[in-house]
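Each chain gets a letter, A, B and so on, in the order its sequence line appears, and its residues count up from 1.
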Protein chains: 2
Amino acid sequence: MAIHALTMLARWDRSLTSAEIAESLASNPVLVRRILGSLRDAGLVSSTEGRGGGWSLARGAREITLYDAYTAVEAGPILSRHAHPPSDACEVGRHMQNLLETEFRDAEQVMQERLGRTTIAHLVQQVLAAERGAAPANH
Amino acid sequence: MAIHALTMLARWDRSLTSAEIAESLASNPVLVRRILGSLRDAGLVSSTEGRGGGWSLARGAREITLYDAYTAVEAGPILSRHAHPPSDACEVGRHMQNLLETEFRDAEQVMQERLGRTTIAHLVQQVLAAERGAAPANH
DNA sequence: TCGAACTGCAACTAGATTAGTTGCGGTTCG
DNA sequence: CGAACCGCAACTAATCTAGTTGCAGTTCGA
């Protein structure tokens with residue numbers, strides 16, 4: 001939802017209301033405000049209150065990656081850790097948490113790097129290209 | 001939990017009961033059987049019933065990666081998709097699902113590749129090394 | 001041949017999380 | 001002043017997960 005909203009803001013390059021974004025998401029304005037609120041806290045978008053208000057990008061679409069959006073809305077780790085520490089009495093249990101922490105952090109990082117290589121601008125470009133393809137120019 | 005269990009089986013290279021594994025996990029036997037059941041369905045471990053029964057690896061620890069364990073127990077995608085399809089009336093909404101599917105699949109794949117490069121044998125090795133380090137040889 | 005020690009499985013509970021909703025207060029602008 | 005916005009808290013409903021209980025089936029050894 002965050003990426004979808006960011007892409008909309010970049011596509012039309014004007015202030016959009018949470019109601020407009022919610023419509024495209026087939027969702028509801030409060031939910032959109034919640035998510036965009038996180039994006040604002042992360043410095044990706046800004047909002048203005050009152051009549052005529054709405055949301056817009058706080059920086060260029062080329063300077064916002066999917067990773068930025070990801071970390072803004074998703075708090076914790078992706079790979080689930082042990083819910084509670086394993087037994088210290090077991091040779092394996094004693095070290096598992098540390099080992100997994102290292103492995104998982106590594107794995108999460110390569111994924112984040114991949115997300116960091118796609119920008120919102122890139123998505124807008126692909127949306128426009130798809131539109132041209134689907135509805136070829138009227139001569 | 002799956003990785004922890006696999007590592008235990010590899011470490012001692014003998015049949016372990018779900019109760020033994022559960023103790024190290026500070027969890028409970030039924031839960032362990034549920035997880036090892038998935039690993040068995042994936043061909044990573046085998047179980048024998050009855051007295052003296054238990055679980056053991058179905059192939060060498062060097063031939064089991066964290067990715068194998070991961071896919072055996074985690075069904076769906078990691079990155080959450082749109083809960084329901086966005087509006088078709090919106091230029092962005094029309095294409096977002098496809099675009100994100102591509103991006104997310106890519107991102108998930110690099111993570112899976114990373115998980116596929118660590119084997120259970122590697123973890124056992126690290127556990128043993130850590131044990132040597134923590135409790136240096138008695139002369 | 002009985003009984004202890006196992007796995008297998010279904011049904012249930014409790015808690016956490018998530019999408020979605022409602023309601024209200026504050027801000028801006030015409 | 002009032003319409004059109006955002007901000008926020010409180011609530012609901014659905015889903016997911018860990019954990020539990022209970023019982024049936026299997027195996028082996030005394």
Side-chain angles (χ1 to χ4, degrees), chain A residues 1-5 8-9 12 14-42 44-58 70 72-87, chain B residues 1-5 8-9 12 14-58 70 72-87 97:
Chain A
M1 290 177 75
I3 295 173
H4 186 141
M8 286 183 73
L9 291 173
W12 288 295
R14 62 177 177 94
S15 173
L16 297 178
T17 68
S18 53
E20 289 173 308
I21 297 173
E23 202 190 331
S24 173
L25 281 166
S27 180
N28 107 17
V30 179
L31 220 46
V32 171
R33 285 204 281 266
R34 239 180 246 166
I35 291 170
L36 290 183
S38 304
L39 298 182
R40 184 190 46 215
D41 294 345
L44 304 184
V45 301
S46 60
S47 63
T48 64
E49 293 191 355
R51 182 181 180 139
W55 302 83
S56 36
L57 294 185
Y70 177 81
V73 297
E74 301 282 351
I78 308 160
L79 265 16
S80 65
R81 268 63 167 176
H82 268 132
H84 41 71
S87 165
Chain B
M1 290 176 76
I3 295 172
H4 186 141
M8 286 184 73
L9 291 173
W12 288 294
R14 62 175 178 96
S15 173
L16 298 178
T17 69
S18 54
E20 290 172 309
I21 297 173
E23 201 189 332
S24 173
L25 281 166
S27 181
N28 106 19
V30 178
L31 220 47
V32 170
R33 285 204 281 266
R34 240 180 246 166
I35 290 170
L36 290 183
S38 304
L39 298 182
R40 182 190 47 215
D41 294 345
L44 304 183
V45 302
S46 60
S47 61
T48 65
E49 293 190 356
R51 181 180 182 140
W55 303 83
S56 36
L57 294 185
Y70 177 81
V73 296
E74 301 280 353
I78 309 161
L79 265 17
S80 65
R81 268 63 167 177
H82 269 132
H84 41 71
S87 166
Q97 278 186 303

- Could you tell me whether the side chain of His4(A) reaches within less than 4.5 Å of the side chain of Ser24(A), counting heavy atoms only? yes
- More than 12 foreign heavy atoms under 6.0 Å from CD of Glu20(B): is that the case here? yes
- May I ask you to evaluate whether Thr17(A) reaches the phosphate of dC5(D), defined as a side-chain N or O under 4.0 Å from OP1 or OP2? no
- Message: Below the 4.0 Å mark, does dT28(C) have OP1 or OP2 next to a side-chain nitrogen or oxygen of Thr48(A)?
- Response: no
- Message: As an exercise, state the distance from CG of Leu9(A) to CG of Leu39(A), rounded to the nearest 0.5 Å.
- Response: 9.0 Å
- If you check every side-chain atom of Arg33(A), which of dA18(D), dG7(D), dT21(D) has the closest atom? dG7(D)
- Nearest-0.5 Å distance, CG of residue Leu16(B) to CD1 of residue Ile21(B): 5.0 Å
- Query: Taking only N and O in the side chain of His84(A), is any of them less than 4.0 Å away from OP1 or OP2 of dG19(D)?
  - Reply: yes
- Note on the structure: When rounded to whole Å, the CE to P distance for the pair Met1(B) and dA18(D) reads 7 Å
- Check whether any side-chain N or O of Asn28(B) sits under 4.0 Å from OP1 or OP2 of dG19(D), and answer yes or no. no
- Item | Among dC6(D), dT26(D), dC29(C), the nucleotide that comes nearest once only the side chain of Glu49(B) is considered | dT26(D)
- Between Ser47(B) and Arg34(A), who's closer to the 5' end of DNA chain C by nearest nucleotide? Ser47(B)
- Message: Counting the atoms with a prime plus P, OP1 and OP2 as sugar-phosphate, which does Gly37(A) contact under 4.0 Å by heavy atoms, base, sugar-phosphate, or nothing?
- Response: nothing
- Query: Between atom CD in Glu23(A) and atom P in dG20(C), what is the gap in whole Å?
  - Reply: 15 Å
- Roughly how many Å is it from NE2 in His82(B) to C1' in dA19(C), rounded to a whole number? 13 Å
- Task: Choose from dG19(D), dA3(D), dT21(D) the nucleotide whose nearest atom is closest to any side-chain atom of Arg51(A).
- Result: dA3(D)
- What distance do Leu57(A) atom CG and Met8(A) atom CE have between them, rounded to the nearest 0.5 Å? 11.5 Å
- For Ser27(B) and dG19(D), is the shortest distance between a side-chain N/O and OP1 or OP2 below 4.0 Å? yes
- Taking only the side-chain heavy atoms of Val30(B) (C-beta and beyond), determine which of dT7(C), dG20(C), dA10(C) contains the nearest atom. dA10(C)
- Message: On the side chain of Arg40(A), is there an atom forming a donor-acceptor pair with the base of dG7(D) - under 3.5 Å, no angle test?
- Response: no
